[in-house]
Visitor: 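The structure follows.
So that the names make sense, note that chain A is the first sequence line, chain B the second, and so on, each numbered from 1.
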2 protein chains.
Amino acid sequence: MDKKYTIKDIAKLAGVSKGTVDRVLHKRGKVSPAALDKVNEVLKVIDYEPNLIARNLKNNKIYRICILLPDPEIDPYWRPCLNGIDDAVKEFKAYNLVIETFYFNPEKKKSFLKTNEAVLKLSPDAVLLAPLFHKETVDVIEKYHSLNIIVNTFNNQVESSFVKSFVGQDLFRSGRVAAKLIDSITGNGQIAIVHIDETYKNAIHMQEKERGFRTYFDEKENSAYTITTLKLKNPNVEISFNTFLNENPEVTGIFVTTSKAYQIAKIISDFKSKKIRVVGYDLIDENVTYLNQGVIDFMIHQNQKRQAYLGITSLVEHFLFQKEIPEMILLPIDIVNAENAEYYMV
Amino acid sequence: MDKKYTIKDIAKLAGVSKGTVDRVLHKRGKVSPAALDKVNEVLKVIDYEPNLIARNLKNNKIYRICILLPDPEIDPYWRPCLNGIDDAVKEFKAYNLVIETFYFNPEKKKSFLKTNEAVLKLSPDAVLLAPLFHKETVDVIEKYHSLNIIVNTFNNQVESSFVKSFVGQDLFRSGRVAAKLIDSITGNGQIAIVHIDETYKNAIHMQEKERGFRTYFDEKENSAYTITTLKLKNPNVEISFNTFLNENPEVTGIFVTTSKAYQIAKIISDFKSKKIRVVGYDLIDENVTYLNQGVIDFMIHQNQKRQAYLGITSLVEHFLFQKEIPEMILLPIDIVNAENAEYYMV
DNA sequence: AAACAAAGTGTGTTCGAGCACATTTATTGT
DNA sequence: ACAATAAATGTGCTCGAACACACTTTGTTT
């Protein structure tokens with residue numbers, strides 16, 4: 001009674017051949033009403049699940065998945081993705097899959113385009129894309145789509161009906177989470193939203209986070225805060241921010257919208273004054289150091305590793321087990337302090 | 001060149017039959033040194049990965065996994081586990097697996113023992129166990145082991161060399177995380193550690209959390225806190241705790257070590273005084289309500305759903321793909337506030 | 001040198017789904 | 001009524017690993 005039913009079982013029960021059962025199951029037609037009824041009758045009673053293993057053995061096509069992301073040597077933000085990719089590769093290495101990773105220079109559109117061309121030459125079955133340059137991305141996605149190549153994106157969202165799936169975080173919401181954290185640990189005073197320019201980075205990222213952050217305080221009744229937005233650019237971050245701190249002694253909290261919270265932390269830890277609380281993004285080493293020192297209070301974890309991993313697995317499971325690819329996977333917005341950080345690292 | 005090598009390929013390359021290759025790969029002996037060399041030579045050059053799909057098709061044994069946990073009707077803490085089990089069942093329903101769930105009454109040892117007997121009768125290949133009663137658990141684990149049934153545990157740790165794997169959280173560490181949170185949001189004053197007795201619950205749970213919590217403050221230099229431990233029992237929680245609050249006006253923070261933070265939250269929200277911060281465990285509805293109202297500041301998420309899910313998947317992957325079962329899977333200690341709670345629920 | 005055992009090697013079948021193709025049955029036109 | 005054609009149905013092979021079993025070669029004993 002535990003046994004899983006096979007096509008053969010159904011055939012026997014229905015008094016037809018496995019070919020007929022197969023045609024019914026796949027709606028391939030060429031089945032008489034009588035036979036159709038008999039098979040459906042059996043299917044109604046038993047609980048048939050095709051054996052995915054057997055199905056897959058037969059279909060031994062090799063699927064090629066290409067992943068495009070910025071070179072982690074240039075921007076370490078992307079390093080955790082490699083672990084996610086690695087996990088997926090290990091998990092699926094016994095299947096007929098080729099998973100290849102390609103880096104581009106996140107500061108150069110040309111590099112992005114060239115990498116995409118190289119990928120196109122391989123005519124993969126799917127690409128997983130970290131879409132940095134908006135216009136260019138839309139173009140390449142259209143190209144992929146016209147060649148019947150599935151496009152999944154992660155980390156950055158891009159408006160295109162040709163994108164099959166997005167894996168990432170709700171940035172607006174993550175801004176709200178940061179706001180709640182700042183609210184919890186300060187209580188009042190002046191708050192600075194700090195955008196540290198990373199030249200190439202899609203400004204929409206930071207804007208969404210700011211919008212979420214401000215919305216939280218807008219909704220809060222009799223809020224005892226004033227909020228200031230600061231746009232800083234390297235290499236002037238230190239000077240500009242020091243000036244700001246001197247001119248605004250009421251600052252109690254700082255929200256850094258990029259991975260560069262450590263730059264602010266460095267300045268603050270030198271700055272002798274009453275405690276200023278800091279919330280930032282991403283568990284890169286420099287940030288964790290200041291988190292452990294108590295200069296940064298909370299980090300929000302964007303889980304790039306899992307983003308990459310889930311981006312791949314949804315494709316693999318689609319190809320191997322014809323699972324549907326979810327249109328959007330929103331990862332939890334993980335709150336990290338000095339005590340739970342290690343669980344989220346690598 | 002992308003093609004995966006098969007045993008047949010190796011046989012052809014080595015100039016032997018697939019039977020010989022098979023014997024070499026499985027070290028079944030009965031291979032001449034000459035043939036062995038030839039095959040090994042080929043294996044050295046190419047990168048052979050046996051096709052797990054084919055391997056599995058052949059070995060079509062049905063594996064039975066039984067899961068034992070407290071009845072969620074009696075203790076809703078366990079409800080999320082059902083979702084995790086459900087996910088796993090759905091994911092693997094196409095394989096030769098039977099996954100069965102059994103509930104016991106967490107207040108009655110007898111129920112636990114009886115459920116285990118019922119499971120034993122089914123002679124499963126593995127059981128996944130939420131071990132509540134220490135002595136009884138050790139006994140049944142030994143019994144399972146003697147019958148060659150793999151035992152995985154989750155949520156509660158139990159000392160037994162016969163346990164193959166544990167999935168859960170580091171409770172000591174989670175106490176530290178709570179301490180850091182309280183420290184972040186209060187800064188000084190009196191802190192109460194509140195154990196709300198859940199009669200049957202393994203006291204070790206709460207003790208470990210308290211130990212971690214206190215250790216954090218012990219390590220902190222010139223800490224401006226005093227810490228008091230309170231053991232409350234229903235139905236006297238309300239009276240006792242009100243008395244405590246009246247006698248201790250300096251209380252700034254409360255750490256509730258069980259899922260019952262909402263009981264404390266209820267009392268505090270009626271208690272007109274300066275803000276008292278609360279950190280508790282588990283995203284049950286009552287807690288989330290107070291989290292959204294701002295009475296509870298942070299919850300620590302124990303991710304029962306994922307515990308159950310990972311407990312099952314590690315077994316399934318062991319049976320199906322002979323993956324090793326990790327001895328211990330420690331889940332991250334998720335920090336939850338009102339803004340990110342929804343991502344961790346269900 | 002024959003007889004026999006032991007060691008080594010190859011062949012063929014199985015697992016379940018899927019599909020091509022062969023075969024049988026039903027339907028149409030003349 | 002009998003081809004001719006269409007529709008329905010069944011058979012048999014494939015995928016790759018695993019293993020039973022049959023077969024061949026080598027070695028040992030008398």
Visitor: Picking from dG8(C), dG18(C), dG16(D), which would you name as closest to the side chain of Leu57(A)?
Guide: dG16(D)
Visitor: Out of dT9(D), dA18(D), dG16(C), which nucleotide sits closest to the side chain of Lys58(B)?
Guide: dA18(D)
Visitor: Assuming nearest nucleotide by heavy-atom distance, tell me which of Ala54(B) and Arg28(B) is located more 5' along DNA chain D.
Guide: Ala54(B)
Visitor: How many Å lie between NZ on Lys12(A) and C1' on dG16(C), as a whole number?
Guide: 14 Å
Visitor: In terms of side-chain heavy atoms of Ser32(A), which of dT11(C), dG10(D), dT9(D) is nearest?
Guide: dT9(D)
Visitor: Which nucleotide, dA17(D), dT11(C), dA17(C), lies nearest any side-chain atom of Ser17(B)?
Guide: dT11(C)
Visitor: Is Asp22(B) touching bases, backbone alone, or none of the nucleic acid, heavy atoms closer than 4.0 Å?
Guide: base
Visitor: Does Arg55(A) put a side-chain nitrogen or oxygen below 4.0 Å from OP1 or OP2 of dG16(C)?
Guide: no
Visitor: Taking only side-chain nitrogens and oxygens of His26(B), does any of them come within less than 4.0 Å of OP1 or OP2 of dA18(D)?
Guide: yes
Visitor: Has the side chain of Lys18(B) got a donor or acceptor atom sitting under 3.5 Å from an opposite partner on the base of dG12(C)?
Guide: yes
Visitor: From the options Lys93(A), Lys305(A), Arg306(A), select the one residue that forms a salt bridge (charged side-chain N to carboxylate O under 4.0 Å, His left out) with Asp87(A).
Guide: Lys305(A)
Visitor: Is His318(B) reaching over with its side chain to a backbone N or O of Glu324(B), donor-acceptor style, under 3.5 angstrom?
Guide: no
Visitor: Reckon Ile7(A) touches a base, only the sugar-phosphate, or nothing at all at heavy-atom distances under 4.0 Å?
Guide: sugar-phosphate
Visitor: Quick check on salt bridge (charged side-chain N to carboxylate O under 4.0 Å, His left out): which of Arg28(B), Lys58(B), Arg55(B), Lys27(B) does Asp22(B) satisfy it with?
Guide: Arg28(B)
Visitor: Using the ring centroid of each side chain, check whether Phe112(A) and Phe104(A) are separated by less than 6.0 Å.
Guide: yes
Visitor: What does Arg23(A) touch in the nucleic acid at a heavy-atom separation under 4.0 angstrom: a base, only the sugar-phosphate, or nothing?
Guide: base
Visitor: Which nucleotide, dA17(C), dG8(C), dG10(C), lies nearest any side-chain atom of Lys30(B)?
Guide: dG8(C)
